[in-house]
Amino acid sequence: MKTDLSSHIKLDQVSKRLYRPESEVELASLTRCERVYTKVVETIADGAADAAADVAQTIERCVREKGRCVIGFGAGKCALAVYDELVKLYFADKVSFANVVAFNISELGLGVPGDDSLSTLARLKQHLYNKVDIEPQNIHTFNSETTVENVHKMCKAYEAEIEDFGGLDLLVCELTKTGSLAYNEPGSGMNTTCRLQLLSSESRARVAEAFKCDDAPLTAVTLGISNLLAARHIIVVAWNEDSADAVFNTIEGRVTDLVPASFLQMHSSTKVIIDLEAASRLTRISYPWKVTSCEWTDKLIRRAIVWLATLTGKPVLKLTNKDYNDHGLGELVAIYGSAYNVNIKIFNDLQHTITGWPGGKPNADDTHRPERATPYPKRVLAFSPHPDDVVVSMGGTLRRLVEQGHDVHVAFMTSGDVAVSDEDLLRNLILSEKISRHYGIRSSEHDRINRAVRQNLSDKAAGNVLDSVDMRFIKGAIFSCEGIMACRHMGISKAQMHELSLPFYVDDPSGRGRITEADATAVARLIAEVRPHQIFVADDLTDPYGTHVRALNAVLMAIEILQHEEFMRDCRVWMYRGQWGQWDIDHVEMAVPMSPEEFRFKRDAILRYQSQIKDAPFRDSADGQLSWQRSIDRNRALAELYNTLGLAAYEAIEAFVQYKPANDNKI
């Protein structure tokens, strides 16, 4: 069973000529905003195959010319797909590593001999070295005896070792979503050399996700930007939507140490390979009218007009022929006859996304409404990856559905225990002990659990980073109870709340297990029980911790299992965002507005999540703002954008996009 169905979600039908131009002249025109040679491919598999072919050619050329090829390998998640393709080429006798000298470009923490649990070298061995004919003596990495005291000396020795082999012929690595190369964090200058690097919270989250550990090291040893740029040829890969900002800043942004990968603009032989999702912010993909004539679709027209209105500071209906012509959109005026005709089309298009009836308005003409009028009332099933996501991201919509008489169910897919702090656990433990003492509720088992949890907290503070089973259960219970109270505030009864405790989360110490058929089956069982007319599911694919992506895939797998059931033919699936992102307005298909009172009601519901209000372990960005705070800011910002475009003024808006099965999504 395929477990990554979220990768099939395509919001745009991108014209192939934007990434597969028919001539060099057209390519030059399309890429004139790009300062690094960039190849855009349709899928990760295509990109990995292209990168692997480039590596194989470089190896063949270098071995032919000088007898060996010296390569620096990164062990980032995106690069692993390239190594899998290289292994295929090796078994097809299309490449040999017999004359390859390999250097590891980074290693986590300070080396611990024999400990491979957080080793990038171990990852490289697992995915590449142990599967090809590279000589063991040709594999080089950082000295395992490195300490804080001798790290500078060891790093200089490693640089000298690379120079002894004539420098790197090739560098293969990934571009991270923070714009880093290897572990060169934002702030790393062009002249940085091999060194010990303190890792940011974003990098540690990425490491924890990659290695499925509860807590990542604070430091890494890494080749510096100057070491990486010294390679004669560089191949950098990036996949998926969460890389889009970093890709844009690297390729089209200004050169700055805030985006270390932007220094690639100074290198004469760099190739960046990205899939369509990672390319989504590039000018030729996102704003193609700036670089070429367009194949205009309704969504592309909407994006262009929203861009033009924002650029000129005018509402849509006040845009003129001159505005269109002055900013490269005269083509639309020619197609539609006048600016007025385009304005009316887009204004109506945007107006029709707004609805105060997210479940459909009964006894009303639903021709231009996002949802059907019938059946009424509807059975609604909203999936929440953690107990707070559904309220934080679509609480206003949830309240509307309840008030308008629909049968609303909420499913907590995981307990979210890893998002609850030790302090919250201790506070609730103290409360439990006080109640027990006051009412004389004592038992040997109760006392044993209390002692064990307190001991675990003490051990954890001393360096044992894993929560015990009891700690995880209590933390999960805290978060789930907060979710119950928030949903009760919304008018949803306890009988309509479902705690799924999906295996991918429960069975892994860090809550980052693999999605399996067991997860999909549990979700499918609930869907079959409720038989919903509407399903709401989180599509926060940029969640740095991976839970949202896994939860989404579990729902999509369940939908695929049930796709032939009669009740599913009358079920629409709506995707929401909030905790980690927001839909661009050209994608929005349903916009549910909130008045000041309704928005206040939503905020009051969010305040039920006391463990997440001020001291949650995970924060959204370097400024320390929590994800729920960003979510309500996004609600306000979307409402302000609708207002700026000349539509109705609301306090806040929640946005949704309808999910269509993979075979309906086209590139």
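Nothing here was measured: the structure is a model prediction, and the numbers come from that model. Only this structure's heavy atoms are used, side chains among them; waters, hydrogens and symmetry mates stay out.
Note that CE of Met413 is 8.0 Å distant from CG of Leu552, once rounded to the nearest 0.5 Å. Here the CG-OG1 distance, from Asn227 to Thr222, works out to 8.5 Å after rounding to the nearest 0.5 Å. Separation of atoms CG (Leu308) and CD1 (Ile346) is listed at 11.0 Å; rounding is to 0.5 Å. Atom OH of Tyr183 sits about 12.0 Å away from atom SG of Cys173, to the nearest 0.5 Å. Annotation: the span from Ile301 atom CD1 to Asp349 atom CG amounts to 9.0 Å, rounded to 0.5 Å. For the atom pair OG1 of Thr31 and CG of Leu282, the computed distance is 10.5 Å after rounding to the nearest 0.5 Å.
With contacts defined as side-chain heavy-atom distances shorter than 4.5 Å, the pair Asp242/Trp580 does not qualify. Two residues are said to be in side-chain contact when any heavy atoms from C-beta on lie closer than 4.5 Å; Val390 and Phe383 fail this criterion. In this structure the side chain of Leu170 reaches within 4.5 angstrom of the side chain of Val55, judged on heavy atoms. Taking the side chain as every heavy atom from C-beta outward, Val259 and Thr250 approach each other to under 4.5 Å. A heavy-atom distance below 4.5 Å is found between the side chains of Val255 and Phe263. Glu331 is listed as a side-chain neighbour of Trp296, based on a closest heavy-atom distance under 4.5 Å. When side chains are defined from C-beta on, Ser180 counts as touching Pro186, because their heavy atoms get closer than 4.5 Å. In this structure the side chain of Ile561 never reaches within 4.5 angstrom of the side chain of Val523, judged on heavy atoms.
Of the possible polar contacts, none joining the Asp275 side chain to the Ile44 backbone as a donor-acceptor pair under 3.5 Å is found. Judged purely by atom type and a 3.5 angstrom limit, Asn184 uses its side chain to pair as donor or acceptor with the backbone of Leu223. The backbone N or O of Leu350 sits nowhere less than 3.5 Å from a side-chain atom of Arg302 that would complete a donor-acceptor pair. Side-chain N or O atoms of Ser119 include one that pairs as donor or acceptor with a backbone N or O of Leu121 at under 3.5 Å. Under the 3.5 Å distance criterion, the side-chain polar atoms of Asn249 are matched with a main-chain donor or acceptor of Asp245. In terms of modelled atom types and a separation under 3.5 Å, the side chain of Arg17 and the main chain of Glu22 share no donor-acceptor contact. Asp389 places a side-chain N or O within 3.5 Å of a backbone atom of His386 that can act as its donor or acceptor partner. Using a distance-only test at 3.5 Å, with no hydrogens or angles considered, a donor-acceptor pair links the side chain of Glu107 to the main chain of Thr120. Formation of a donor-acceptor pair under 3.5 Å by the Trp583 side chain with backbone atoms of Met575 is found in this model. When atom types are taken as modelled, the side chain of Glu640 and the backbone of Ala637 share no donor-acceptor pair closer than 3.5 angstrom.
Trp239 and Glu174 share no side-chain donor-acceptor pair at under 3.5 Å. For Thr58 and His233, the side-chain atoms include no donor-acceptor pair closer than 3.5 Å. No side-chain N or O of Asn635 forms a donor-acceptor pair with one of Arg630 less than 3.5 Å apart. Judged by distance alone, the side chains of Ser243 and Asn240 never bring a donor and an acceptor atom under 3.5 Å apart.
Between Ala52 and Glu85, the closest heavy-atom pair is CB-CB, 3.6 Å. Between Cys69 and Cys62, the shortest heavy-atom contact is CB-CB, 3.7 Å. Nearest heavy atoms, Leu171 versus Ile105: CD1-CG2, 3.8 Å. Across all their heavy atoms, Ala238 and Ala278 have their closest contact at O-CB, 3.7 Å. Residues Ala48 and Ala81 share a closest heavy-atom pair of CB-O, 3.5 Å. Nearest heavy atom pair, residue Asp584 against residue Arg303, reads OD2-NH2, 3.4 Å.
Ionic pairing of Asp539 and Arg577 is present here: one or more N-O contacts between side-chain nitrogen and carboxylate oxygen are shorter than 4.0 angstrom. In summary, Arg32 and Glu252 do not engage in a salt bridge, as defined by a charged side-chain N under 4.0 Å from a carboxylate O. Between Asp169 and Arg232 there is a salt bridge, since a side-chain N of the basic residue sits under 4.0 Å from a carboxylate O of the acidic one.
A salt bridge (charged side-chain N to carboxylate O under 4.0 Å, His left out) with Glu34 is found for exactly one of Arg281, Lys271, Arg284, namely Arg284.
For Tyr129 and Phe97, the ring centers sit 6.0 Å or farther from each other. You'll find the ring centres of Trp574 and Tyr576 outside the 6.0 Å limit.
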**Asked** Should Val272 and Ile234 be marked as a side chain to side chain contact (heavy atoms under 4.5 Å, CB included) after you check the CA-CA gap, both sets of side-chain angles, and the distance that decides it?
**Response** CA-CA 8 Å; Val272 177; Ile234 298 175; over 6 Å; no
**Prompt:** Between Ile273 and Ile235, is a side chain to side chain contact (heavy atoms under 4.5 Å, CB included) present by the stated rule, with each step listed?
**Reply:** CA-CA 7 Å; Ile273 304 173; Ile235 299 174; 4.2 Å; yes
**Item:** side-chain hydrogen bond (donor to acceptor under 3.5 Å, both in side chains) between Gln579 and Ser631, worked out
**Value:** CA-CA 5 Å; Gln579 291 272 45; Ser631 181; 5.5 Å; no
**Residue pair Lys39, Ile274: steps toward the side chain to side chain contact (heavy atoms under 4.5 Å, CB included) verdict** = CA-CA 6 Å; Lys39 184 163 186 179; Ile274 54 179; over 6 Å; no
**Request:** Apply side chain to side chain contact (heavy atoms under 4.5 Å, CB included) to Glu589 and Phe656, showing your working.
**Result:** CA-CA 6 Å; Glu589 295 176 270; Phe656 302 86; over 6 Å; no
**Request:** Please assess Thr353 against Tyr642 for the test side-chain hydrogen bond (donor to acceptor under 3.5 Å, both in side chains), listing each intermediate value before the final yes or no.
**Result:** CA-CA 11 Å; Thr353 65; Tyr642 269 86; 2.9 Å; yes
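Taking Ser200 as the reference, Glu185, Glu202, Ser203 meet the side chain to side chain contact (heavy atoms under 4.5 Å, CB included) condition, with sequence neighbours excluded.
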